[in-house]
Amino acid sequence: MTDLLLLSNSTNHGRGALEHALDAMAEVLDGRTELVFVPFALADHDGYTERIAAALAPLGMRVRGLHTADDPVAAVRSAPAVYTGGGNTFRLLAELYRQRLLEPLRDRVSEGMPYLGASAGTNIAGPTVRTTNDMPIVEPPSLTSLGLVPFQLNPHYVDPDPGSTHMGETREKRLAEFHECNDIPVLGLREGTWLRVRGDWAELAGVSTSGGAPGRLFRRGMPGEDLSGDVSDLLAPASEPVWG
């Protein structure tokens with residue numbers, strides 16, 4: 001049974017790393033004392049792993065950086081749980097392709113292994129990473145990602161500021177451009193929130209740091225819709241992409 005915790009962000013302003021989500025992480029990890037951490041979205045793998053290990057110490061968690069494994073595929077296949085951190089989504093995905101880790105991760109999730117992600121680690125849980133906010137600093141072989149949920153994800157979703165004098169595109173306009181070429185829902189996750197998935201049940205939770213609902217859903221040709229609580233209907237198979 002699929003068991004996911006997909007965080008918009010790992011750190012809320014004024015709080016420590018993962019502090020706002022520790023209770024939710026403890027519920028997903030369900031007594032496990034070890035997890036494999038995927039640090040590939042940042043360049044400093046050792047430092048990143050140390051920071052996550054310190055953040056998860058209150059849960060009594062032993063954190064193993066995947067970059068230290070002699071056989072990363074075997075490490076994923078034997079992992080009791082996996083947490084993928086944030087950073088640059090394209091760098092993360094490129095490394096997962098290079099090390100042939102996408103299929104082992106999908107397999108383990110299908111077997112019931114808990115998968116936790118934040119930011120870039122959440123982006124890759126969708127069918128593709130085409131709705132990430134990140135700059136493509138490297139070029140992965142494909143934009144196809146894990147496909148753990150049948151809709152696109154947009155962590156760090158920011159609502160338009162009606163008082164702003166900035167003339168560039170808002171996040172909502174960028175997602176509307178995506179829907180000019182694609183027919184698949186996009187779930188925006190506001191800061192401080194997360195998506196919890198267990199089997200055929202899904203829930204939006206957490207406390208948005210900007211106020212309002214945890215998530216905002218965008219569909220092709222429809223206005224955005226704020227969502228909270230039970231969103232299990234989103235797990236229905238998505239339409240095939242429409243390319244412009």
Side-chain angles (χ1 to χ4, degrees), residues 2-11 16-22 24-126 129 132 134-148 153 155 194:
T2 303
D3 199 4
L4 312 175
L5 180 68
L6 305 177
L7 308 173
S8 176
N9 56 304
S10 60
T11 306
L18 297 173
E19 185 179 348
H20 68 292
L22 280 180
M25 297 182 80
E27 184 270 325
V28 177
L29 293 169
D30 191 26
R32 293 171 177 83
T33 58
E34 180 179 352
L35 63 74
V36 169
F37 175 60
V38 182
F40 301 148
L42 292 185
D44 181 5
H45 298 164
D46 286 336
Y48 198 5
T49 301
E50 289 173 6
R51 292 197 299 275
I52 295 302
L56 294 179
L59 301 184
M61 191 63 52
R62 177 175 175 267
V63 175
R64 178 187 183 191
L66 186 56
H67 66 294
T68 66
D70 293 334
D71 185 341
V73 170
V76 167
R77 292 200 184 280
S78 63
V82 165
Y83 171 55
T84 303
N88 186 276
T89 302
F90 295 96
R91 173 159 51 192
L92 168 61
L93 186 60
E95 189 65 13
L96 293 177
Y97 269 105
R98 189 184 73 83
Q99 298 200 33
R100 296 182 173 87
L101 289 167
L102 288 171
E103 183 177 351
L105 279 167
R106 288 191 200 102
D107 289 346
R108 289 292 288 126
V109 171
S110 70
E111 294 165 0
M113 178 198 73
Y115 175 89
L116 304 90
S119 187
T122 288
N123 274 321
I124 64 168
V129 299
T132 179
D134 294 335
M135 184 178 292
I137 60 174
V138 296
E139 185 175 2
S142 170
L143 299 181
T144 298
S145 46
L146 289 170
L148 306 181
L153 292 152
W194 53 81

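Quick caveat: nothing in here was measured; it's all calculated off a predicted structure.
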Exercise: identify the closest heavy-atom pair between [X] and [Y]:
X: A26; Y: L59; value: CB-CD2, 3.8 Å
X: A69; Y: A75; value: CB-CB, 3.8 Å
X: P136; Y: F90; value: CA-CD1, 3.3 Å
X: A41; Y: G86; value: CB-O, 3.4 Å
X: A55; Y: A17; value: CB-O, 3.4 Å
X: V138; Y: A94; value: CG2-CB, 3.9 Å

Going by side chain to side chain donor-acceptor pair (under 3.5 Å), name the residues that satisfy it together with [X], two or more places apart in sequence or in a different chain.
X: T132; answer: T89, N123, D134
X: Y83; answer: none
X: E19; answer: none
X: E50; answer: none

Spacing of [X] atom [atom1] and [Y] atom [atom2] [to the nearest 0.5 Å]:
X: T122; Y: N9; atom1: OG1; atom2: CG; answer: 9.0 Å
X: T2; Y: E111; atom1: OG1; atom2: CD; answer: 11.5 Å
X: D71; Y: S78; atom1: CG; atom2: OG; answer: 9.0 Å
X: S110; Y: L148; atom1: OG; atom2: CG; answer: 9.5 Å
X: I124; Y: L92; atom1: CD1; atom2: CG; answer: 4.5 Å
X: M61; Y: T33; atom1: CE; atom2: OG1; answer: 6.5 Å

Worksheet item: Under the side chain to side chain contact (heavy atoms under 4.5 Å, CB included) criterion, do T144 and L102 qualify, and how do the steps go?
Response: CA-CA 10 Å; T144 298; L102 288 171; over 6 Å; no

Donor-acceptor check, side chain of [X] to backbone of [Y], threshold 3.5 angstrom: yes or no?
X: R106; Y: L146; result: yes
X: T84; Y: G117; result: no
X: R32; Y: A81; result: no

Considering only heavy atoms from C-beta outward, does the side chain of [X] approach that of [Y] to under 4.5 Å?
X: T49; Y: T68; value: no
X: L5; Y: L29; value: no
X: W194; Y: M25; value: no
X: L22; Y: L56; value: yes
X: V28; Y: D3; value: yes
X: V73; Y: L101; value: yes

Worksheet item: Among all residues two or more places apart in sequence or in another chain, which pass the side-chain contact (heavy atoms from CB on, under 4.5 Å) test with S8?
Response: P155, H156, L189, E191, T193

Discussion item. Assess the residue pair R108 and V36 against the criterion (side chain to side chain contact (heavy atoms under 4.5 Å, CB included)); give the C-alpha distance rounded to whole Å, side-chain angles, the decisive distance to 0.1 Å, and a yes or no.
Written reply: CA-CA 12 Å; R108 289 292 288 126; V36 169; over 6 Å; no

Item to complete: Walk me through it: do L18 and I52 pass the test side chain to side chain contact (heavy atoms under 4.5 Å, CB included)?
Response: CA-CA 8 Å; L18 297 173; I52 295 302; 4.2 Å; yes

Practice prompt. Quick one: list whatever passes ring pair (Phe, Tyr, Trp, His ring centres under 6.0 Å) with H67, sequence neighbours left out.
Written response: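 Result, ring pair (Phe, Tyr, Trp, His ring centres under 6.0 Å) vs H67: H45.
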
Worksheet entry | Set of ring pair (Phe, Tyr, Trp, His ring centres under 6.0 Å) partners for Y48, sequence neighbours left out | F37

Please list, chain by chain and in numerical order, all residues satisfying salt bridge (Lys or Arg N to Asp or Glu O under 4.0 Å) with [X], sequence neighbours excluded.
X: D44; value: none
X: R98; value: E95
X: E103; value: none
X: R91; value: none

Worksheet entry | Where at least one partner belongs to residues 93-122, residue pairs that pass ring-ring contact (aromatic ring centres under 6.0 Å, His included), sequence neighbours excluded | none

